[in-house]
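A quick write-up on the structure given underneath.
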Amino acid sequence: MELPNEERSQCIAKVEDFLSYTNVMSVFFSAITALFFLISLSILGVFIIHRDTPIVRANNRSLSFLLLVSIKLSFLSVFLFLGRPVDITCMLRSFTFGITFSIAVSSLLAKTIVVCVAFKATKPGSSWRKWVGVKLSNSVVLFCSSIQIIICMTWLSISPPFQELDLHTYPGTIIIQCNEGSAIGFYSVIGYMGLLAAVSFVLAFLARTLPDSFNEAKYITFSMLLFCSVWITMIPAYLSTKGKNTVCVEIFAILTSSAGLLASIFLPKCYIILLRCEMNTKMYVFGNKI
């Protein structure tokens with residue numbers, strides 16, 4: 001597209017504005033994403049190598065593995081936000097970050113529920129014993145994630161995101177961006193993630209005072225507080241920006257919340273596994289667990 005110069009003697013091509021791969025911010029985000037991905041991959045490797053140790057087994061290793069994989073995928077989803085947006089990447093952006101974060105938060109919710117159930121099951125004659133096991137955690141993750149998948153599929157089938165050319169915000173500039181298609185669909189995905197995070201936060205906050213053997217809840221509480229804070233502050237920033245600035249806000253929110261989950265949940269465990277091996281014993285885990 002073109003527009004005339006001031007003398008109206010020739011046509012000048014309009015400047016296209018989007019977060020290109022060669023943009024300084026794109027290079028920065030790519031480097032940070034690659035770094036966090038390698039860190040999460042290393043942590044996954046540590047957990048796999050030490051999968052039979054008490055500290056890994058006590059924290060429901062299957063949920064830990066699922067959480068790590070979902071965090072890795074959320075880091076990789078950043079690359080969908082870079083480059084010239086087209087219809088398919090616009091759809092993949094929304095679907096990918098919505099599903100990966102829902103799986104991650106669902107895993108933390110399942111961890112919190114398992115903690116509460118396990119504590120109740122320790123009481124003599126408790127009827128909660130029948131709920132202890134992997135079936136409960138798997139059911140929670142599957143159920144909560146399925147709802148988000150249904151929301152995303154409904155959104156994509158009714159009014160999917162698409163490439164939009166904004167010719168009016170800045171004269172002489174074409175802002176190439178993703179239109180969310182349905183605002184209701186977009187905010188339903190964000191809202192459902194927020195609901196899962198809020199429920200996880202409340203349950204973990206209530207469970208934080210349980211005996212030391214079950215106090216992983218305090219780390220979940222902090223991670224959910226950080227997660228909710230990031231996405232609540234992201235919404236007004238998202239609404240007040242245009243074009244590549246909006247994309248930067250989204251990427252920052254994804255990186256910050258993913259890194260917060262990774263650090264809050266896994267770094268304390270890696271500290272014990274790698275640097276305090278004497279604490280990685282059944283006596284410590286079941287007597288005064290991290």
Side-chain angles (χ1 to χ4, degrees), residues 28-80 96-97 99-112 114-115 134 137-138 140-141 145 193 196-197 200-201 204 208 213-231 251-282 284-285 288-290:
F28 173 75
F29 284 136
S30 297
I32 295 297
T33 298
L35 175 63
F36 280 133
F37 176 79
L38 291 176
I39 291 174
S40 60
L41 189 63
S42 301
I43 293 176
L44 180 60
V46 169
F47 268 61
I48 291 175
I49 293 172
H50 299 86
R51 61 186 178 276
D52 293 322
T53 59
I55 198 69
V56 176
R57 292 172 61 89
N59 288 301
N60 198 320
R61 61 185 175 186
S62 61
L63 285 179
S64 296
F65 292 150
L66 180 61
L67 179 57
L68 276 170
V69 170
S70 62
I71 289 176
K72 286 198 303 178
L73 292 176
S74 67
F75 283 132
L76 291 178
S77 70
V78 166
F79 292 108
L80 292 172
T96 303
F97 96 83
I99 299 301
T100 53
F101 274 116
S102 293
I103 293 175
V105 180
S106 296
S107 299
L108 290 177
L109 177 59
K111 273 178 172 282
T112 308
V114 168
V115 164
V134 295
S137 58
N138 292 343
V140 171
V141 174
S145 302
M193 285 197 312
L196 287 178
S200 298
F201 171 77
R208 78 194 190 286
S213 295
F214 305 96
N215 74 349
E216 189 186 19
K218 65 177 67 174
Y219 299 104
I220 297 176
T221 302
F222 178 76
S223 67
M224 288 296 95
L225 181 61
L226 177 62
F227 184 89
C228 292
S229 300
V230 168
W231 286 98
I251 292 176
F252 179 79
I254 291 173
L255 290 177
T256 306
S257 52
S258 299
L261 292 178
L262 188 66
S264 302
I265 303 300
F266 294 104
L267 287 189
K269 312 300 183 297
C270 288
Y271 171 73
I272 288 182
I273 292 172
L274 299 176
L275 302 178
R276 300 294 299 274
C277 299
E278 71 279 3
M279 299 171 65
N280 194 4
T281 62
K282 286 185 178 181
Y284 175 80
V285 169
N288 186 29
K289 180 183 158 189
I290 181 175

Could you measure the distance from the [atom1] atom of [X] to the [atom2] atom of [Y]? Nearest 0.5 Å is fine.
{"X": "L66", "Y": "I103", "atom1": "CG", "atom2": "CD1", "result": "6.5 Å"}
{"X": "I251", "Y": "F29", "atom1": "CD1", "atom2": "CZ", "result": "5.0 Å"}
{"X": "K269", "Y": "S64", "atom1": "NZ", "atom2": "OG", "result": "7.5 Å"}
{"X": "T256", "Y": "I32", "atom1": "OG1", "atom2": "CD1", "result": "10.0 Å"}
{"X": "L63", "Y": "N138", "atom1": "CG", "atom2": "CG", "result": "7.0 Å"}
{"X": "I55", "Y": "C277", "atom1": "CD1", "atom2": "SG", "result": "11.5 Å"}

Within the 4.5 Å heavy-atom criterion, are [X] and [Y] side-chain neighbours or not?
{"X": "S106", "Y": "L196", "result": "yes"}
{"X": "L255", "Y": "F252", "result": "no"}
{"X": "I220", "Y": "F201", "result": "no"}

- Query: Does S257 have any side chain to side chain contact (heavy atoms under 4.5 Å, CB included) partners at least two apart in sequence or in another chain, and if so, which?
  - Reply: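 Per chain and number, S257 pairs via side chain to side chain contact (heavy atoms under 4.5 Å, CB included) with F101, F227, V230, W231.
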- Task: Tell me, please, which residues at least two apart from L267 pass side chain to side chain contact (heavy atoms under 4.5 Å, CB included).
- Result: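 Partners of L267 by the side chain to side chain contact (heavy atoms under 4.5 Å, CB included) criterion, ordered by chain and then number, come out as I43, A263.
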- Task: Please lay out, stage by stage, how T100 and K72 fare under the test side-chain contact (heavy atoms from CB on, under 4.5 Å).
- Result: CA-CA 9 Å; T100 53; K72 286 198 303 178; over 6 Å; no
- Query: Is the number of heavy atoms from other residues, nucleotides or ligands within 6.0 Å of CZ (F37) greater than 12?
  - Reply: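 Yes, enclosed.
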- Decide yes or no on side-chain contact (heavy atoms from CB on, under 4.5 Å) for V78 and F97, but give the supporting numbers first. CA-CA 9 Å; V78 166; F97 96 83; over 6 Å; no
- Query: Looking at L108, V141, V105, L262, which one forms a side chain to side chain contact (heavy atoms under 4.5 Å, CB included) with L67?
  - Reply: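 For L67, the side chain to side chain contact (heavy atoms under 4.5 Å, CB included) test succeeds with only one of L108, V141, V105, L262, which is L108.
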Where is the tightest heavy-atom contact between [X] and [Y], given as atom of each residue plus distance?
{"X": "I254", "Y": "S74", "value": "CG2-O, 3.4 Å"}
{"X": "G260", "Y": "L226", "value": "CA-CD2, 3.3 Å"}
{"X": "S102", "Y": "M193", "value": "OG-CG, 3.8 Å"}
{"X": "F65", "Y": "L44", "value": "CD2-CD1, 3.8 Å"}
{"X": "S200", "Y": "L109", "value": "OG-CB, 3.2 Å"}

- Could you note down all residue pairs passing salt bridge (Lys or Arg N to Asp or Glu O under 4.0 Å) where residues 34-46 supplies at least one of them, sequence neighbours left out?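 Qualifying pairs: none.
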- Ignoring hydrogens and angles, tell me if any N or O in the side chain of T221 forms a donor-acceptor pair with the backbone of A204 under 3.5 Å.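 At least one qualifying donor-acceptor pair exists.
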- Please list all pairs passing the side-chain hydrogen bond (donor to acceptor under 3.5 Å, both in side chains) test where one or both residues lie in residues 35-56, with sequence neighbours left out.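 For residues 35-56, and leaving out neighbouring residues, the side-chain hydrogen bond (donor to acceptor under 3.5 Å, both in side chains) pairs sorted by first residue read D52-R61, T53-N280.
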- Could you walk me through whether F266 and L261 pass the side-chain contact (heavy atoms from CB on, under 4.5 Å) check? CA-CA 8 Å; F266 294 104; L261 292 178; over 6 Å; no
- Can you name the residues that form a ring pair (Phe, Tyr, Trp, His ring centres under 6.0 Å) with F36, not counting sequence neighbours?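 Scan of F36 (ring pair (Phe, Tyr, Trp, His ring centres under 6.0 Å), adjacent residues dropped) gives F75.
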- Item | Test side chain to side chain donor-acceptor pair (under 3.5 Å) applied to S70 - qualifying residues, sequence neighbours left out |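 With neighbours one apart ignored, the set is empty.
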